[in-house]
Novice: 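Below is a structure I'd like to ask you about.
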Amino acid sequence: MKKIIYPGTFDPITNGHLDIAKRAAVLFDHVILAIANHPKKNSLFTVEERIDLIQASIEHLDNVSVSSTDALIVRFAKENEAIALIRGLRSISDFEYEFQMALMNRSLAPEISTVFMMPDERYMHLNSTVVKEIAALEGDISAFVPAIVEAQLKSKLNK
Ligand code: ADP
C-alpha cells in the first residue's frame with residue numbers, strides 16, 4: 001500500500017490543489033491531504049471548515065482522504081506509514097522555497113521522498129490568497145474552486 005501525504009494550508013482548497021491530488025491518486029494507492037495547522041497563520045476558514053470543504057470536494061475520489069495535524073509533516077507521514085510527500089510546483093518562484101523544504105524534510109526523515117507535480121496550465125497562476133481576494137471583490141471564481149467552496153467564500157466574505 002503506497003501512501004503519499006499532500007500537506008498544505010488549503011485555506012480554502014482550490015481546483016489547483018485538486019488537480020495535484022488527482023494526479024497523485026493515479027500514481028499512489030492512497031493520498032492523504034494533510035491540513036497543516038499553524039496557529040500563527042491567519043486563516044479565513046477554521047480547520048474544521050477546511051476539512052468539510054475538502055471532504056465535499058474529494059467525495060468522488062475513492063483513494064483520497066483528508067486529515068489535519070499540528071505535528072511536523074514528516075512525523076505525520078511516518079505515523080501514517082506514508083512513503084512520500086507531494087507538492088505542487090507552479091512557477092520558478094515556488095521552486096526555491098520547495099527545494100529548501102524538500103531538503104530539510106529529507107534531512108529530518110531520509111526515508112520520506114518529496115514528489116513534485118505541475119498542475120494543468122489553467123491552474124498555474126492560482127493560489128488560495130488570490131481566490132480570496134477576487135471573492136472579496138465579488139469577482140467570478142467559479143473556474144478556480146469547487147462550487148461548494150465558492151458558496152462558502154461568498155457567505156463568509158460578503159456578510
Ligand atoms: P497556497 O496558499 O499557495 O494556495 P497551500 O499551502 O495550501 O497553498 O499549498 C499546498 C501545496 O499545494 C503547495 O505545494 C503548493 O505549491 C500547491 N499548490 C497550491 N496551489 C496550487 C495550484 N494552483 N497548482 C498546483 N499546486 C498548487
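Start at 1 and go down the list; that is how both ligands and their atoms are numbered. This chain uses plain numbering: 1 for the first residue, then up along the sequence.
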Novice: Taking NZ, NE, NH1 and NH2 as the nitrogens, is one of them in Arg75 or Glu79 under 4.0 Å from a carboxylate oxygen of the other?
Specialist: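 The answer is no: the pair does not qualify as a salt bridge.
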Novice: Report yes or no: does Ala36 have a heavy atom closer than 4.0 Å to ligand 1?
Specialist: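 It does not; every heavy atom stays at 4.0 Å or beyond.
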Novice: Please check if the number of heavy atoms outside Arg23 that lie under 6.0 Å from its CZ is greater than 12.
Specialist: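 Result for CZ/Arg23: enclosed.
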Novice: Take Thr9 and Asp11 through the side-chain hydrogen bond (donor to acceptor under 3.5 Å, both in side chains) test and state the conclusion after the steps.
Specialist: CA-CA 5 Å; Thr9 315; Asp11 185 40; over 6 Å; no
Novice: Within a distance under 4.0 Å of any heavy atom of Arg87, pick out the atoms of ligand 1 and give their elements.
Specialist: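 Once the distances to Arg87 are compared, the set is 10 (C), 11 (C), 13 (C), 14 (O).
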Novice: Which one holds for Ile20 and ligand 1: side chain close, backbone close, both close, or neither close, with close meaning a heavy atom under 4.0 Å?
Specialist: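 Ile20 to ligand 1: side-chain contact only, backbone stays beyond 4.0 Å.
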Novice: Below 3.5 angstrom, do we get any N/O pair linking Gly88 and ligand 1?
Specialist: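 Among all N and O atoms of Gly88, at least one is under 3.5 Å from an N or O of ligand 1.
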Novice: Suppose I only count heavy atoms of Thr9 and a 4.0 Å limit; which atoms of ligand 1 are within that range?
Specialist: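 Result: 5 (P), 6 (O), 7 (O).
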Novice: Say whether Tyr123, considering both its backbone and side-chain N or O atoms, lies within less than 3.5 Å of an N or O atom on ligand 1.
Specialist: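 Yes: some nitrogen or oxygen of Tyr123 is under 3.5 Å from one in ligand 1.
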Novice: Of the protein's non-hydrogen atoms, which lies at the shortest distance from atom 9 (O) of ligand 1, and what is that distance?
Specialist: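 Checking every protein heavy atom, the shortest distance to atom 9 (O) of ligand 1 gives His17 NE2, 3.5 Å.
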Novice: Measure from the side-chain N and O atoms of Arg90 to the backbone N and O of Leu126, and report whether any donor-acceptor pair falls under 3.5 Å.
Specialist: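 The answer is yes, because a donor-acceptor pair under 3.5 Å joins these two groups.
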Novice: Under 4.0 Å from any heavy atom of Pro7, which atoms of ligand 1 are there?
Specialist: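 By the 4.0 Å cutoff, the relevant atoms are 10 (C), 11 (C).
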Novice: With a heavy-atom distance limit of 4.0 Å, tell me whether Met124 approaches ligand 1 through its side chain, its backbone, both, or neither.
Specialist: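 Neither; nothing of Met124 gets under 4.0 Å from ligand 1.
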Novice: Looking only at protein heavy atoms, which one is nearest to atom 12 (O) of ligand 1, and how far off is it?
Specialist: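 Nearest neighbour among protein heavy atoms for atom 12 (O) of ligand 1, to 0.1 Å: Tyr6 OH, 2.7 Å.
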Novice: Which residue holds the protein heavy atom closest to atom 25 (C) of ligand 1, what is that atom called, and what is the gap in Å?
Specialist: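 Of every protein heavy atom, Pro119 CG, 3.3 Å lies nearest to atom 25 (C) of ligand 1.
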Novice: Output the list of atoms in ligand 1 that are nearer than 4.0 Å to some heavy atom of Phe10, sorted by atom number.
Specialist: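 Those atoms are 7 (O).
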Novice: Run the numbers for me: atoms of ligand 1, each under 4.0 Å from some heavy atom of Leu126, listed by number.
Specialist: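 The atoms of ligand 1 under 4.0 Å from a heavy atom of Leu126 are 20 (N), 21 (C), 22 (C), 23 (N).
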Novice: Among all protein heavy atoms, pick the one closest to atom 20 (N) of ligand 1 and tell me residue, atom and distance.
Specialist: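 Result for atom 20 (N) of ligand 1: Arg90 NH1, 3.1 Å.
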Novice: Answer yes or no: is there an ion pair linking Lys78 with Glu111, defined by an N-O contact shorter than 4.0 Å?
Specialist: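 Looking at Lys78 and Glu111, the cut-off is met.
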Novice: What I want to check is whether the side chains of Ser43 and Arg50 have a donor and an acceptor closer together than 3.5 Å.
Specialist: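 A pair is found: one side chain offers a donor N or O, the other an acceptor, under 3.5 Å apart.
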Novice: Tell me the protein heavy atom at minimum distance from atom 4 (O) of ligand 1, and give that distance in Å.
Specialist: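 Answer, as residue, atom name and distance: Ser128 N, 3.1 Å.
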Novice: Can a salt bridge be assigned to the pair Asp19 and Arg122 using a cut-off of 4.0 Å between side-chain N and carboxylate O?
Specialist: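 Salt bridge absent between Asp19 and Arg122.
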Novice: Measure the CG-CD1 distance between Asp120 and Ile20 for me, rounded to the nearest 0.5 Å.
Specialist: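 Here the rounded value is 9.5 Å.
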Novice: Are Lys154 and Glu138 close enough, and set up right, to give a salt bridge (charged side-chain N to carboxylate O under 4.0 Å, His left out), and what steps lead you there?
Specialist: CA-CA 8 Å; Lys154 277 186 185 159; Glu138 296 180 28; over 6 Å; no
Novice: Compute the minimum heavy-atom distance from Glu98 to ligand 1 and say whether it is under 4.0 Å.
Specialist: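 Contact check Glu98 vs ligand 1: positive.
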Novice: Kindly say whether Ala25 contributes a backbone atom to a donor-acceptor pair with the side chain of Asn63 at under 3.5 angstrom?
Specialist: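 Yes, the answer is positive, given that a donor and an acceptor are paired below the 3.5 Å cut-off.
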